[in-house]
Amino acid sequence: MALKNYADLIKDEAKRLGFLSCGISKAGFLEHEAPRLEKWLKENKHGQMGYMENHFDKRLNPKLLVDDAKSVISLLLNYYPSEFQNQESYKISKYAYGQDYHFVIKEKLRELLFFIQSEIGEVNGRAFVDSAPVLDKAWAAKSGLGWIGKNANLITQKVGSFYFIAELIVDLELEYDLATTDHCGTCTACIDSCPTQAIVAPYVVDGSKCISYFTIELKDNLPEEMKGKFQDWAFGCDVCQDVCPWNRFAKPHNEPLFEPNSAILNFTKKDWEEITKETFSKVFQGAAVKRTKFEGFERNIKFLKN
């Protein structure tokens, strides 16, 4: 079977599994990203995210993750909700409304890899969902799924940026897609709107200044100088995506596992302030918010309240 036919077969199955889109690029060293990543780390823009310093070479070369890797299959899965939180409530990033995406996507990737092996033959590969040293946005952009915008998110003209990115790295040669062009133009909406000025230059985000970093990654007390700047975000932040003009094209997802617990949509600030450990466990059962644990979430709410 021709390489194009293999690629089409994989893309059709990805669509059947519910992925928004699928692009394929040739596995190799990411030479353009290497100096950028090195500079970003040297300037300590990763804050306390020490794991970003690990496996530097693997982040840039998929051949170190999968023996004889030939292709990186990038996939997008929509998470844009059809319903939103009470406007007067403390806010949770939209990606965390439903079940933890790591488990949802990993299962779909397993199915896709099994399909490839069943239909094409002996193919070795690994699935990656935001939990291994893979520069997912770089690979998605390389495979034509969008461009990396000034807010450092992958953006596409058709649906904006409210989606997860995942990869299959395989030792199978395929037909490769071409990168798309940048369509941010002169727009600076994301830079102008960032509550903590974390977008320090177009296409450069200082992770250590981002509300998502403070509310999820940081294990210490939240810095006093950030008081009043979080705009009621208790877990993550969507501001730079909410203001992006391309997200006017975002459409609601059709993944049942991403549907939120009704409490997330209807709780008031008072409800969140009075939440118990038991209620927290119930409301966020199987959800990404549990990553902060109850103590971390409670810390965030108290910081916003006071």
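Every heavy atom of this structure was used, including side-chain atoms; hydrogens, water molecules and symmetry mates were not. Fair warning: this is a prediction, and the values are worked out from it, not measured in the lab.
- Under the 3.5 Å distance criterion, the side-chain polar atoms of Ser143 are matched with a main-chain donor or acceptor of Ala140.
- With sequence neighbours excluded, the residues satisfying salt bridge (Lys or Arg N to Asp or Glu O under 4.0 Å) with Lys277 are Glu295.
- Across Ser93 and Gly236, no two heavy atoms sit closer than the pair CB-CA, 4.0 Å.
- Judged by distance alone, the side chains of Ser89 and Trp272 do bring a donor and an acceptor atom under 3.5 Å apart.
- Between the side chains of Ser71 and Tyr176, at least one donor N or O lies within less than 3.5 Å of an accepting N or O.
- Just one of Val72, Leu112, Ile10 meets the side-chain contact (heavy atoms from CB on, under 4.5 Å) condition when paired with Leu168; it is Leu112.
- Taking 4.5 Å as the limit, every side-chain heavy atom of Tyr6 sits out of range of all side-chain heavy atoms of Glu119.
- You'll find the side chain of Val66 stays beyond 4.5 Å of the side chain of Val170, heavy atoms only.
- Summarising the geometry of Phe214 relative to Arg299, their closest heavy-atom pair is O-NH2, 2.9 Å, with the distance given to 0.1 Å.
- Using a 4.5 Å cut-off on side-chain heavy atoms (C-beta onward), Val200 and Lys209 make contact.
- For the ring-ring contact (aromatic ring centres under 6.0 Å, His included) condition, no pair includes a residue of residues 14-39, sequence neighbours left out.
- In this structure, Glu43 places its CD atom where more than 12 heavy-atom neighbours from other residues, nucleotides or ligands lie under 6.0 Å away.
- In this structure the side chain of Phe128 reaches within 4.5 angstrom of the side chain of Ile169, judged on heavy atoms.
- Here the OG1-NZ distance, from Thr186 to Lys150, works out to 6.5 Å after rounding to the nearest 0.5 Å.
- Between Trp147 and His183, the ring planes are perpendicular. Angles over 60° get that label, and only those under 30° would be called parallel.
- No side-chain heavy atom of Glu83 sits less than 4.5 Å from a side-chain heavy atom of Tyr97.
- With a 4.5 Å cut-off on side-chain heavy atoms, Val243 and Asn151 do not count as touching.
- Aromatic ring orientation, Tyr79 versus Phe164: tilted (interplanar angle from 30° to 60°).
- Residues Asn78 and Phe258 have side chains not in contact (no heavy-atom distance under 4.5 Å, counting atoms from C-beta outward).
- Contact of the Leu75 side chain with the Leu109 side chain is registered, since non-hydrogen atoms from C-beta on lie closer than 4.5 Å.
- For the residue pair Asn266 / Ser262, no side-chain donor-acceptor distance below 3.5 Å is found, with atom types taken as modelled.
- Rounding to the nearest 0.5 angstrom, the gap separating the SG atom in Cys244 from the CG atom in Asp238 is 12.0 Å.
- A donor atom on one side chain and an acceptor atom on the other are found under 3.5 Å apart for Ser161 and Asn247.
- Note: the hydrophobic cluster containing Trp246 does not contain Leu77 (ILVMFWY, side chain heavy atoms under 4.5 Å, direct or indirect links).
- Put simply, the side chain of Lys91 gets close to the backbone of Gln231: a donor and an acceptor are under 3.5 Å apart.
- Between Asp130 and Tyr101, the side chains place a donor N or O and an acceptor N or O closer than 3.5 Å (distance only, hydrogens not considered).
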